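Side chains are part of it too, since the values below use all heavy atoms of this structure and drop only hydrogens, waters and symmetry mates. Being a predicted model, the structure only gives us computed values, none of them experimental. Whatever order the structure lists ligands and atoms in, that order sets their numbers, starting from 1.
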Amino acid sequence: MASTAQVIKLLEDMSAIIQENKDFLTQLDMPIGDSDHGINMARGFQAVTEKLPALADKDIPTVLKTVGMTLVSTVGGASGPLYGTAFMKAAVAAAGKSEVNIDDFIAMLSAAIEGVKLRGKATTGEQTMLDAMVPALEAMEGAKGAPAGDVLAAGLAAAQEGVEKTKDMIATKGRASYLGERSLGHQDPGATSFTLLLSVIAKAYA
Ligand code: ADP
Ligand code: MG
């Protein structure tokens, strides 16, 4: 179970892990993109961090909606609208809830993925963030009923495997698609950043 205070703590930790991995994410975006994914994400999550104190007395859907709108307006690039949509769709899926449990989280991730697929006109196997998100969701759905920590650990392990598999994919969406077959062998930055965000939640419930 997570309350607003716990969600805010998770968002602070997400911001921290993105700042710590800013250079790493940017390096991943160098060979297949324009070397800005870490910079984009760090800018967006810094803006999120600044908004969090004012959200302490709001409900979880309002917090997540604000995060999504902040990311859309600050991250930029392809990933800004996509991560923004993900958080806004998660907010809708959490409507009316003052606390969320692991089954709610699974439903929120599912809604986020549908949003990213629609917004990005993308599916799995195209070397994008979806190649971490979708395996994570499937693993968590498969682990439903187990303690939250175990469900999240299964999701994180699947996301990490998904990131590895992006190296065997040819990008057909986003900037990396301009490279065609030359995108082979490269780890997708967006799949990596999603996995970092999920790792924060998994760690909190381990
Ligand atoms: P940009 O590519 O505009 O510079 P970023 O570097 O911040 O934006 O983000 C790149 C990441 O966005 C990619 O690694 C990929 O995971 C994700 N991405 C790009 N296009 C799409 C899309 N159409 N659908 C899903 N994810 C995408
Ligand atoms: Mg980029």
Side-chain angles (χ1 to χ4, degrees), residues 11 14-49 67-90 93 108-139 155-156 158-201:
L11 289 163
M14 286 180 182
S15 182
I17 206 167
I18 291 296
Q19 311 304 330
E20 283 159 26
N21 286 277
K22 178 179 169 181
D23 293 344
F24 173 55
L25 292 171
T26 288
Q27 277 163 23
L28 291 176
D29 197 30
M30 206 173 285
I32 51 170
D34 53 354
S35 314
D36 64 352
H37 188 58
I39 296 165
N40 291 343
M41 293 293 283
R43 183 174 55 237
F45 274 88
Q46 177 58 34
V48 166
T49 302
V67 170
M69 286 165 49
T70 305
L71 293 177
V72 167
S73 63
T74 57
V75 174
S79 60
L82 294 168
Y83 269 117
T85 298
F87 276 91
M88 289 192 278
K89 294 290 181 187
M108 289 156 69
L109 179 59
S110 177
I113 287 170
E114 289 314 309
V116 170
K117 282 182 171 173
L118 268 178
R119 182 91 201 213
K121 298 185 179 62
T123 185
T124 47
E126 297 191 288
Q127 201 186 58
T128 73
M129 59 177 74
L130 288 169
D131 294 306
M133 298 174 91
V134 172
L137 175 67
E138 288 173 356
L156 178 59
Q160 286 165 340
E161 277 171 37
V163 166
E164 282 303 309
K165 286 185 187 160
T166 62
K167 294 177 186 171
D168 304 326
M169 293 175 188
I170 294 172
T172 47
K173 290 283 149 47
R175 283 181 193 279
S177 67
Y178 308 156
L179 291 177
E181 287 191 4
R182 280 178 294 136
S183 61
L184 260 176
H186 295 291
Q187 172 175 337
D188 181 63
T192 307
S193 58
F194 170 77
T195 302
L196 289 171
L197 298 179
L198 184 62
S199 76
V200 166
I201 307 176

**Student:** Answer yes or no: are there more than 12 heavy-atom neighbours, outside R119 itself, under 6.0 Å from its atom CZ?
**Tutor:**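 For R119, atom CZ is not crowded (no more than 12 foreign heavy atoms under 6.0 Å).
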**Student:** Checking a contact table here: which protein heavy atom is nearest atom 21 (C) of ligand 1, and how many Å away?
**Tutor:**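 That would be L82 CD1, 3.5 Å.
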**Student:** For ligand 1 and V116, I'd like to know whether there is a polar contact (N/O to N/O, distance under 3.5 Å).
**Tutor:**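 It does not: no N or O of V116 is found under 3.5 Å from an N or O of ligand 1.
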**Student:** Only N/O/S atoms count here: what is the atom of D34 closest to the Mg ion (ligand 2) called?
**Tutor:**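 It is OD1 of D34.
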**Student:** How far is atom 19 (C) of ligand 1 from the closest protein heavy atom, and which atom is that?
**Tutor:**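 That would be A78 CB, 3.7 Å.
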**Student:** Might you confirm whether atom NZ of K165 has over 12 heavy atoms from other residues, nucleotides or ligands at distances under 6.0 Å?
**Tutor:**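 Check fails, neighbour count at 12 or below.
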**Student:** Check this for me - ligand 1, D34, N or O atoms closer than 3.5 angstrom, yes or no?
**Tutor:**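 Between D34 and ligand 1 (N or O atoms, distance only) the closest approach is under 3.5 Å.
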**Student:** If I apply the N/O under 3.5 Å rule, does D188 come out as touching ligand 1?
**Tutor:**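 There is such a contact, yes.
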**Student:** Around atom 24 (N) of ligand 1, find the nearest protein heavy atom and jot down its residue, atom name and distance.
**Tutor:**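 That would be A122 CB, 3.4 Å.
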**Student:** Identify the protein heavy atom lying closest to atom 20 (N) of ligand 1, giving its residue, its atom name and the separation to 0.1 Å.
**Tutor:**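 Checked against all protein heavy atoms, atom 20 (N) of ligand 1 sits closest to G174 CA, 3.5 Å.
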**Student:** Looking at the Mg ion (ligand 2), which N/O/S atom of D36 is the nearest one?
**Tutor:**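 Checking each N, O and S atom of D36, the shortest distance to the Mg ion (ligand 2) belongs to OD1.
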**Student:** For the residue pair Y83 and H37, does the interplanar ring angle fall in the parallel (under 30°), tilted (30 to 60°) or perpendicular (over 60°) class?
**Tutor:**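 Judged by the thresholds at 30° and 60°, the geometry between Y83 and H37 is parallel.
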**Student:** Which atoms of ligand 1 sit under 4.0 Å from any heavy atom of D29?
**Tutor:**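 By the 4.0 Å cutoff, the relevant atoms are 6 (O).
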**Student:** Which residue and non-hydrogen atom of the protein lie closest to atom 10 (C) of ligand 1, and at what distance in Å?
**Tutor:**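 Result for atom 10 (C) of ligand 1: H37 ND1, 4.0 Å.
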**Student:** What's the atom name of the N, O or S in D29 nearest to the Mg ion (ligand 2)?
**Tutor:**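 Looking at D29, the N, O or S atom with the least distance to the Mg ion (ligand 2) is OD2.
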**Student:** Name the closest protein heavy atom to atom 7 (O) of ligand 1, giving the residue it belongs to and the distance to 0.1 Å.
**Tutor:**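 Looking at atom 7 (O) of ligand 1, the protein heavy atom closest to it is S79 OG, 2.6 Å.
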**Student:** Note the single closest protein heavy atom to atom 17 (C) of ligand 1, along with its residue, its atom name and the distance in Å.
**Tutor:**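 Checking every protein heavy atom, the shortest distance to atom 17 (C) of ligand 1 gives M129 CE, 3.9 Å.
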**Student:** For atom 23 (N) of ligand 1, what's the nearest protein heavy-atom neighbour? Residue, atom name and distance, please.
**Tutor:**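 Result: G120 O, 2.8 Å.
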